Amino acid sequence: MHSKEQISHDDYQKTAEWLMSRTKHRPQVSIICGSGLGRLADSLSCRDQFSYSEIPGFPQSTVQGHAGCLVFGELKGRSCVCMQGRFHMYEGHSLLKTTFPIRVFKLMGVQTLVVTNAAGSLADHLHPGDIMIIKDHINIPGLAGLNPLHGPNDDKFGPRFPAMSSCYDRGLRSLALEVTKQLDIAGLVQEGVYAMVGGPNFETIAEARMLHRLGVDAVGMSTVPEVVVATHCGMQVFGLSLITNKVVKSYEDSDCVNHDGVLEVGRLRSETVQQLVTEVISRMEINNNIDRTSSAV
Ligand SMILES: O=P(O)(O)O[C@@H]1C[C@H](O)[C@@H](CO)O1
Ligand SMILES: Nc1nc2[nH]cnc2c(=O)[nH]1
């Protein structure tokens with residue numbers, strides 16, 4: 001448990017100011033790249049980039065397929081900041097640390113979070129290479145008492161008891177479904193429920209069957225803490241899971257998931273995910289009258 005850990009408003013602010021003094025970009029949208037999806041950042045133009053190791057307060061990425069680089073740039077004229085690599089609880093980071101960048105982005109004026117991840121499918125209709133638009137989540141660590149919002153609430157960011165019943169923006173989900181038709185990838189894309197588990201081990205068969213019975217369509221080891229913190233501070237969220245494998249649910253099945261296979265599907269589908277994310281971001285409505293840093297929350 002890390003519930004005694006605290007990060008002050010000033011700490012987030014210092015990082016936001018450090019970044020804003022080193023880039024001319026004033027991002028409206030933040031993107032988090034899931035395992036194997038780091039190439040999403042390649043589509044940004046006029047890039048400024050920073051290694052996580054040089055950014056004050058940023059944790060370090062330790063997972064293969066997560067480069068550890070923060071990239072600012074434009075996507076079809078829209079100013080974005082892209083995390084090439086995220087932080088996972090299983091790396092040993094507290095949930096407050098894994099979500100540190102979200103509040104920094106909020107202070108920089110970001111209004112929208114686009115989260116992507118690699119996930120295993122529990123649903124019969126979702127196959128490796130498919131994309132799931134996240135419509136809801138089950139926060140398994142959260143239900144068991146691990147939540148990034150534990151500890152004193154910072155009212156400047158959001159309320160003590162935030163609602164989570166509409167954390168995946170309905171308008172952005174409809175927009176994305178519309179975009180999939182225009183990109184001719186509608187056959188690859190479905191909406192579904194994502195569950196976060198702590199990891200780093202993949203599921204046992206009994207765990208997979210339990211998650212399936214709970215109504216989970218795809219399972220992974222990230223995303224939910226980021227979405228909880230973004231929703232708490234009033235950001236709108238759009239989430240995508242790239243299905244990289246089927247989760248084994250039968251004792252007769254000899255398939256065995258591994259991280260290299262996850263990264264490989266990420267590489268194969270990264271262009272499609274890139275196109276979908278780019279189109280959604282370029283068509284979403286953005287409020288341009290945003291205060292940055294001290295008055296951003
Ligand atoms: O960062 P994401 O959630 O995309 O990474 C998934 C979950 C584990 O970190 C890893 C397992 O292969 O991929
Ligand atoms: N927990 C979990 N995370 C994943 N990330 C990619 N595939 C999987 C999976 O099958 N299970």
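Order of listing sets the numbers, starting from 1, for every ligand and every atom in it. Quantities reported herein were computed from a predicted structural model and do not represent experimental measurements.
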I'd like to know whether the aromatic ring centres of F100 and Y12 sit less than 6.0 Å apart in this structure. yes

Atoms of ligand 2, numbered as shown, that sit under 4.0 Å from any heavy atom of T244: 6 (C), 7 (N)

Hey, looking at atom 7 (C) of ligand 1, which of Q64, R86, M221 has the closest heavy atom? M221

Starting from atom 9 (C) of ligand 2, what is the nearest protein heavy atom, named by residue and atom, and what distance separates them? F202 CD2, 3.5 Å

Might you confirm whether atom CD of Q182 has over 12 heavy atoms from other residues, nucleotides or ligands at distances under 6.0 Å? yes

G34: numbered ligand 1 atoms lying under 4.0 Å from its heavy atoms: 4 (O)

Heavy-atom check, side chain of T116 versus side chain of L242, under 4.5 Å: no

Crowding at OH, Y251 (>12 non-hydrogen neighbours, <6.0 Å): yes

heavy-atom search around atom 9 (O) of ligand 1 in the protein gives Y90 OH, 2.6 Å

Please list, in number order, the atoms of ligand 2 under 4.0 Å from a heavy atom of V247. 10 (O)

Examine A118 against ligand 2 and note whether any of their N/O atoms are separated by less than 3.5 Å. yes

With a cut-off of 4.0 Å, which atoms of ligand 2 are near a heavy atom of M221? 1 (N), 2 (C), 3 (N)

Given E203, K246, H259, which one has a non-hydrogen atom that is nearest to atom 2 (C) of ligand 2? E203

Please walk me through it: do N153 and L149 pass side chain to side chain contact (heavy atoms under 4.5 Å, CB included)? CA-CA 7 Å; N153 185 56; L149 301 179; 5.6 Å; no

Would a distance-only check, ignoring hydrogens and angles, find a side-chain to backbone donor-acceptor pair under 3.5 Å from R269 to D130? no

Select one of side chain, backbone, both or neither to describe which atoms of V262 lie under 4.0 Å from any atom of ligand 1, heavy atoms only. side chain

Can you check side chain to side chain donor-acceptor pair (under 3.5 Å) on S222 and N117, steps first, answer last? CA-CA 7 Å; S222 68; N117 61 56; 4.7 Å; no

Write out the residue and atom name of the closest protein heavy atom to atom 1 (O) of ligand 1, then the distance separating them to 0.1 Å. H88 NE2, 2.7 Å

For atom 8 (C) of ligand 2, what is the nearest protein heavy atom, given as residue, atom name and distance? G120 N, 3.4 Å

Which residue and atom name correspond to the protein heavy atom nearest atom 3 (N) of ligand 2, and how close is it? G220 CA, 3.4 Å

Protein contact of atom 12 (O) of ligand 1 - nearest heavy atom, named by residue and atom, plus distance: H259 ND1, 2.6 Å

Just to confirm my output: which protein heavy-atom neighbour is closest to atom 5 (O) of ligand 1, and how far is it? S35 OG, 2.7 Å

Any idea which atoms of ligand 2 are less than 4.0 Å away from a heavy-atom of V197? 1 (N)

for atom 10 (O) of ligand 2, nearest protein heavy atom and its distance come out as N245 ND2, 2.8 Å

Donor-acceptor under 3.5 Å (Q190 side chain, L126 main chain): no

Take S79 and E74 through the side chain to side chain donor-acceptor pair (under 3.5 Å) test and state the conclusion after the steps. CA-CA 5 Å; S79 189; E74 291 197 359; 5.5 Å; no

Identify, for atom 3 (O) of ligand 1, the protein heavy atom at the shortest distance, and state residue, atom and that distance. S222 OG, 2.5 Å

What orientation do Y168 and H137 show, parallel under 30°, tilted 30 to 60°, or perpendicular over 60°? perpendicular

For A206, does its backbone N or O pair with a side-chain atom of K249 as donor and acceptor, under 3.5 Å? no

Flag F202 as yes when one of its N or O atoms lies below 3.5 Å from any N or O atom of ligand 1, and as no otherwise. no

Both conditions, 6.0 Å and 45 degrees, for the charged tip of R103 above the ring of F157: are they met here? yes

Do any nitrogen or oxygen atoms of N117 come within less than 3.5 Å of a nitrogen or oxygen of ligand 1? no

For S35, which part has a heavy atom under 4.0 Å from ligand 2: side chain, backbone, both, or neither? neither

With a 4.0 Å cut-off on heavy atoms, does G199 reach ligand 2? no

So that I know where these two stand, are W18 and F50 an aromatic pair - ring centroids less than 6.0 Å apart? yes

